[in-house]
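Computation of the quantities below employed the complete heavy-atom set of this structure, encompassing side-chain atoms and omitting hydrogens, waters and symmetry-equivalent molecules. Naming: A, B, ... by sequence-line order, numbering from 1 per chain.
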Amino acid sequence: MILGILWMLIANAAVLGVAVWLLRRFRTGSEVDWPLLLVLRIALISAIVLLSGLAGTLTAVFLGIAGGATLALLLATRALRPGPGLPRLEAGPVALAISAIVALRLAWQVAAFSPHVGDTLTYHLPKVAEWVRAGGFTRELGADVRASFPAGFELIEAWWVVFLRHDALIELAGIEFLLLAFAAVHSLGRTLGLAPRTAFWAALLFVLVPSFHLQATSCLNDGAVSALLLTALAFAAARAPLPLVAGVIGLGIGVKPTFAYALPGVAFLAFAVRRAPALSIPAPRGAVLFAIAATLAGASWYLRNLLWYGNPIHPVGLAGIHGPSGSLSQQVGPSLSSFTYNIQCLLDVRLLDSHRPYGPTADAIAGWGPVAVACGLPSLILALREDRLWRLVASAFGISLLSVFALVQLDLWFMRFVLFFPAILALSIARLGGSWKGVVPLCVAGLLLQFAGTFVSWEWRARLVVRPPPELAPREPVACFGDNLGFSYQLYGRDYSRPVLFIRADSAAELVDRVRRSGARILFASPEWRRDKLILVEALRLAPFRDLDRGFFLIPQDPR
Amino acid sequence: MSAGLLLLWRLWVLLPGELWRDPLAILAAYWLFLRFAGHTKAWRPVTLLVMTGLLALYAWGQVPQTLSLLEMKP
């Protein structure tokens, strides 16, 4: 463990060092440099984990030694000698004190939470566990068909677990993107003409938006999508070189396709501000290389799916993807009915967050919080009346919001795909508060409610924990037959010490045969699909598996 | 124009008794107010009134949820 911590510190220092070195080649001299530094770090980590995963060198020792060598090279070549720094972040004492409190609470949340949201346990994280166990990418991704979705965010999660071979710090992946969103909103605020301290407030108000804030420690990837989209919007608004915007877009598409759904807003903004003075950078050709590398990293998942399954967006077909109940769970292409229902649902049901406590999935709520809704919306109207650039940027946010609404199915969780939108509300309230202190008491009241409601999420309170039975020894392999609600990630253990053998079967006889041949003594079965449930029931009739409760079964030794 | 259309839409789809607690109707009315009286001294008290009303509506729904999350009975 101590050695793991050492490798982790060395590798992180090296990545930060290379990001700073790259920043000197891409620096704009404006506030855009802050999100640029963070996005370069994320791109580097993505590339390192991708290449290590492909080469089978995804281990603490290899990454630590490579990091040490890189650090030595940076120091020997004096690549990090003092040079032009980042623009100074200015904040008043109150904003700094609140930031410190929020940072302390985030540290507690990282330490206290373990992965707990159903989607992450079922199809995001089992592949990370397989990678860490194997020291590289594996063909096995988990039982859920959605495991083959793009995994750009999982690359960052793998980075934060591979050194300790434990998921204690896995939520730091989300924190990286929370910091990126902070820097992006700050940059956007400065471009919109906010004073440095006011822009700091805007960024702080955004990262306290309840659903976005809780996403950061949930292992879900929608917060990462929002952070990257805000970065693309900040770059476009400031007229950063196009390759930098393209690089962010490449990374975003590799995290989740919903990122691409929101891109019309970025395209609109880039076009609308095309006559404004552009930012220049010292190494424009290097930025093109960054854009190519980031796009390749993002596209790699679609390429892999094309090679493995013959469909870049597997398991989604032209008709979308259906859930266990048979209803459409994810659509493909725009739909007027989705567009109308989603808008109606936001305005009539979700906006006031009255149906659920806050949570990262924005289940039955919008999760934008009282500051954005009560203070931000009227402030936005004021800003729209007074400033053309605000109208253009707000239009870009609106176009992105509506574009996503046209492309996603109305369900309990659709609002998590538009977590970027409250950023324009946070910017608006900061703008108003910067010139008129009369709104501050209302914001304070709203912030107190948000802060109280985001210590834990309702998903954490209602979490399901798979508890292996006493018959299953530590590190002993377990067979797993499950699909949508397998929660198979928990079977590995937080230190990834237990092998999980996924069993796929088209009939009861096949299931019994494969379970017996797996060599495992214990089977965990929690199918959700009707077909798999019937197979399990029949298999239990065929074979004398002993029920150990909570989905676990003891497999009798094969008499052969 | 947009604000007027928004308000008309909400008048069309909502019952009269629901209008006072519809955030969109409140925002559309506020937008109309700013259009016609935004240059007067009244904009600040009206803005505060609108924000306070929206905050109260929001808190009415969310505070019980937050209290239940924190295992504190309202």
Side-chain angles (χ1 to χ4, degrees), chain A residues 210 214 343-344 346-359 364-382 384-386 429 432 435-462, chain B residues 1-7 9-10 12-15 18-74:
Chain A
L214 288 167
I343 292 177
Q344 240 174 346
L346 168 63
L347 297 178
D348 292 344
V349 183
R350 302 293 188 93
L351 191 62
L352 293 177
D353 293 341
S354 52
H355 296 282
R356 278 270 204 287
Y358 299 131
I365 57 171
W368 291 357
V371 178
V373 172
C375 306
L377 286 168
S379 306
L380 179 62
I381 295 174
L382 281 166
L384 294 179
R385 284 172 42 82
E386 292 166 15
I429 186 64
L432 184 62
S435 59
W436 176 35
K437 301 293 173 228
V439 292
V440 172
L442 283 172
C443 291
V444 170
L447 267 183
L448 286 174
L449 175 56
Q450 283 180 207
F451 192 73
T454 49
F455 270 92
V456 293
S457 64
W458 85 266
E459 285 92 339
W460 174 254
R461 284 265 190 245
Chain B
M1 173 75 171
S2 311
L5 285 175
L6 267 179
L7 192 56
W9 172 46
R10 299 317 277 176
W12 182 260
V13 297
L14 296 173
L15 297 170
E18 293 173 335
L19 271 178
W20 66 272
R21 54 189 164 94
D22 178 55
L24 200 60
I26 295 169
L27 288 167
Y30 174 63
W31 197 349
L32 274 179
F33 161 79
L34 288 177
R35 171 72 183 80
F36 293 108
H39 57 282
T40 66
K41 282 183 179 174
W43 80 268
R44 284 190 173 182
V46 171
T47 301
L48 275 184
L49 188 70
V50 167
M51 288 183 176
T52 309
L54 287 172
L55 187 61
L57 282 175
Y58 185 97
W60 183 260
Q62 179 51 224
V63 167
Q65 302 287 349
T66 298
L67 291 176
S68 76
L69 181 79
L70 300 173
E71 294 176 342
M72 297 160 72
K73 293 276 180 199

Tell me, do [X] and [Y] make a side-chain contact under 4.5 Å, heavy atoms counted?
{"X": "L382(A)", "Y": "Y30(B)", "answer": "yes"}
{"X": "C375(A)", "Y": "L55(B)", "answer": "no"}
{"X": "W436(A)", "Y": "T47(B)", "answer": "yes"}
{"X": "T66(B)", "Y": "P357(A)", "answer": "no"}
{"X": "D353(A)", "Y": "Q65(B)", "answer": "no"}

Review point. Are more than 12 heavy atoms from other residues, nucleotides or ligands located less than 6.0 Å from atom CH2 of W20(B)?
Key: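 Atom CH2 in W20(B) is not packed in, count stays at 12 or less.
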So which part of [X] gets closer than 4.5 Å to some heavy atom of chain B, the side chain, the backbone, both or neither?
{"X": "L346(A)", "value": "neither"}
{"X": "L432(A)", "value": "side chain"}
{"X": "T454(A)", "value": "neither"}

What heavy-atom pair brings [X] and [Y] nearest, and what distance separates the two atoms?
{"X": "V439(A)", "Y": "M51(B)", "value": "CG1-SD, 3.7 Å"}
{"X": "L70(B)", "Y": "R461(A)", "value": "CA-NH2, 4.2 Å"}
{"X": "L351(A)", "Y": "Y58(B)", "value": "O-CE1, 4.0 Å"}
{"X": "G438(A)", "Y": "L48(B)", "value": "O-CD2, 3.5 Å"}
{"X": "L352(A)", "Y": "Q62(B)", "value": "O-CB, 4.5 Å"}
{"X": "L54(B)", "Y": "P378(A)", "value": "CD1-CG, 3.8 Å"}

Point to revise | chain A contact via W43(B) - which portion, at a heavy-atom distance below 4.5 Å | key: side chain
Exercise for review: Side chain from CB out, backbone as N, CA, C, O: work out which of these in L24(B) comes under 4.5 Å of a heavy atom of chain A, or both, or neither.
Suggested key: side chain
**Study point:** Heavy-atom pair count under 4.5 Å with chain B, highest-scoring of W458(A), W460(A), Y358(A), F455(A)
**Key:**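 Answer, by heavy-atom pair count under 4.5 Å with chain B: Y358(A).
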**Study point:** Euclidean distance, L27(B) CG relative to I381(A) CD1, rounded to 0.5 Å
**Key:**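 The CG atom of L27(B) is 4.5 Å from CD1 of I381(A), to the nearest 0.5 Å.
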Practice item. Kindly state each residue pair satisfying salt bridge (charged side-chain N to carboxylate O under 4.0 Å, His left out) with at least one member in residues 24-40 of chain B, sequence neighbours excluded. Key: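 Matches after skipping sequence neighbours: none remain.
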